[in-house]
Amino acid sequence: MQRRRAVGLLSLLPLTGAFGLVGCKREQPYLQFEGATMGTRYHVRFRPPVSSFDATAMQAVVDARLEALNASLSTYRPDSLITAFNEAPVGQVMPIDADFEHMLALSRQVHQASSGAFDPTVGALVKLWGFGWPKPEQPLVRLPEAAAIEAARVRFDAIAQSAPGQLVKHAPVQLDFSAIAKGYGVDLIAEVVRAHGVQHFMTEIGGEVATQGNGPTGGPWRIGIEAPDPVVTGRVLTRVHLSNGALATSGNYRNFFEVEGRRFSHIIDPVSGYPVPQPPVSVSVIAPNVALADAWATAFMVLDEDRGLAVAEKNQLAVYWVYQDNGGHRTRQSSRMQPYLDAAKH
Ligand code: ADP
Ligand code: MG
């Protein structure tokens, strides 16, 4: 199984449109830094508010915040709060922190609005299908038995907050916030960067993006949505123009696994318990924050084409789908997406 990100970042492309607010005041040149997190890397590119700006100090705050998030929500860590919750017996009250509570609340919101297409209680199914953590000792060679799939079923209703900071399960369910936590991590980086007085920045973790203000060429940031290609990275299909925004993409064209000669998506349909048989190649979503965009992008991988469009319109989301089509690809978008793409054509 390969895991690669599905969005290329092309924020440095020159702009010809006159969106800039560049006055006669001398602007600081843009700076950038990056680091490792959540099995991938984060990037921050920003215009410092003053020439004496201490980017190293800001990066230390970013790293500490991401570390706290991972200590709570990483299913890859044996000592995280989420691992403790997943390993706890039914009925045992477990401690959770504010990040954990926030992820539960946002997840419930998207779960309800997507009629269950997004469900963070997919943890046991993710492990059963062999793409969880720890990685199975051997890759999955046979499809799981129907009884095992049934036993690993989602049950978001079996999780309850008995009191603030406390969580209990009434059935042996396991949580997995992989489809929302990266986006939330980007929201947290953006919060730190804003708190340091920075007004123009773009930050991302593995292709989930937050922007504010202008890019280095003076107009809104330009984010490339990558063309589907299992081998070549970085070919751009279209560009999204984003000033103050949150964009996330869920992609399937490099992230899949094979069992018994069949190709499976790493996105699970919570209703069937099986990987989604023919998901879109990728779905990109613009939402009020990156956590929501991330969760919704995953939900739209589960929903079929017509349901997906209806749900996007009902929830007033800007969504861009890429589908496989006779060896090539075709795209579809919700009505709210158009302005971001139109602007990008300038
Ligand atoms: P990526 O990890 O490639 O950025 P996503 O944000 O779509 O992609 O997250 C996919 C991960 O989310 C899976 O690897 C799995 O751990 C988990 N997951 C799979 N299906 C669902 C689902 N229907 N709802 C919530 N989480 C899911
Ligand atoms: Mg997601």
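Worth saying up front: this structure is predicted, and the values here are computed from it rather than measured. Both counts, for ligands and for their atoms, begin at 1 and track the order of listing.
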TODO: Take the Mg ion (ligand 2) and tell me which protein N, O or S atoms are nearer than 2.8 Å.
DONE: A179 O, D294 O, D294 OD1, T298 OG1

- [ ] Decide whether V311 and V271 are clustered together by the hydrophobic rule: side chain heavy atoms of Ile, Leu, Val, Met, Phe, Trp, Tyr closer than 4.5 Å, transitively.
- [x] no

Task: NZ/NE/NH1/NH2 to OD/OE distance under 4.0 Å, R77 and D79 - done: no

TODO: Could you list which atoms of ligand 1 come closer than 4.0 Å to a heavy atom of S250?
DONE: 5 (P), 7 (O), 8 (O)

TODO: Under 4.0 Å from a heavy atom of P270: give me the atoms of ligand 1 that qualify, with their elements.
DONE: 23 (N)

TODO: Please step through ring-ring contact (aromatic ring centres under 6.0 Å, His included) for the pair Y340 and H241, ending with a clear verdict.
DONE: CA-CA 5 Å; Y340 298 98; H241 241 189; 9.5 Å; no

Task: Check: R41 main-chain N/O paired with T37 side-chain donor or acceptor under 3.5 Å - done: no

TODO: Answer with side chain, backbone, both or neither: which part of V122 has a heavy atom less than 4.0 angstrom from an atom of ligand 1?
DONE: side chain

Task: ligand 1 contacted by G207 (non-hydrogen, < 4.0 Å) - done: no

Open item on the list: Using a 4.0 Å cut-off to any heavy atom of F118, which atoms of ligand 1 qualify?
Closed with: 24 (N), 25 (C)

Task: The one among I268, T40, I180 that brings a heavy atom closest to atom 22 (C) of ligand 1 - done: I268

TODO: Verify, without hydrogens or angle tests, whether Y30 (side chain) and G215 (backbone) share a donor-acceptor contact under 3.5 angstrom.
DONE: yes

Open item on the list: Under a 4.0 Å threshold between the charged nitrogen and the carboxylate oxygen, would R65 count as salt-bridged to D99?
Closed with: yes

Task: Heavy-atom proximity to atom 8 (O) of ligand 1, best of K127, H266, E208 - done: H266

- [ ] Kindly indicate whether a cation-pi arrangement holds for R263 with F257, taking the cut-offs as under 6.0 Å to the six-membered ring centre and within 45° of the axis.
- [x] no

Task: Atoms of ligand 1, numbered as shown, that sit under 4.0 Å from any heavy atom of I267 - done: 7 (O), 10 (C), 19 (C), 20 (N)

Task: Subset of ligand 1 atoms that lie under 4.0 Å from at least one heavy atom of D294 - done: 6 (O)

TODO: Could you tell me whether the side chain of S334 and the main chain of E313 form a donor-acceptor pair under 3.5 Å?
DONE: no

Task: salt_bridge(D306, R332) N-O dist < 4.0 Å - done: yes

Open item on the list: Looking only at the aromatic ring of each residue, does the gap between the centers of W296 and F118 stay below 6.0 angstrom?
Closed with: no

Task: Option among E87, K127, K169 that satisfies the side-chain hydrogen bond (donor to acceptor under 3.5 Å, both in side chains) test with Q174 - done: K127

- [ ] Report yes or no: does A297 have a heavy atom closer than 4.0 Å to ligand 1?
- [x] no

TODO: Could you check which of G116, A179, A117 puts a non-hydrogen atom nearest to atom 12 (O) of ligand 1?
DONE: A179

Task: Enumerated ligand 1 atoms positioned under 4.0 Å from heavy atoms of K182 - done: 1 (P), 2 (O), 4 (O)

- [ ] List every atom of ligand 1 that sits less than 4.0 Å from any heavy atom of S178, numbering the atoms from 1 in the order shown and giving each element.
- [x] 9 (O), 11 (C), 12 (O), 16 (O)

Open item on the list: Any atom of ligand 1 sitting under 4.0 Å from a heavy atom of M301?
Closed with: no

TODO: May I ask you to check whether over 12 heavy atoms, not counting those of Q333, lie within 6.0 Å of atom CD?
DONE: yes

TODO: Indicate if F201 and V50 have the same hydrophobic cluster label, given that clusters are the connected sets of ILVMFWY residues with side-chain heavy-atom separations under 4.5 angstrom.
DONE: yes

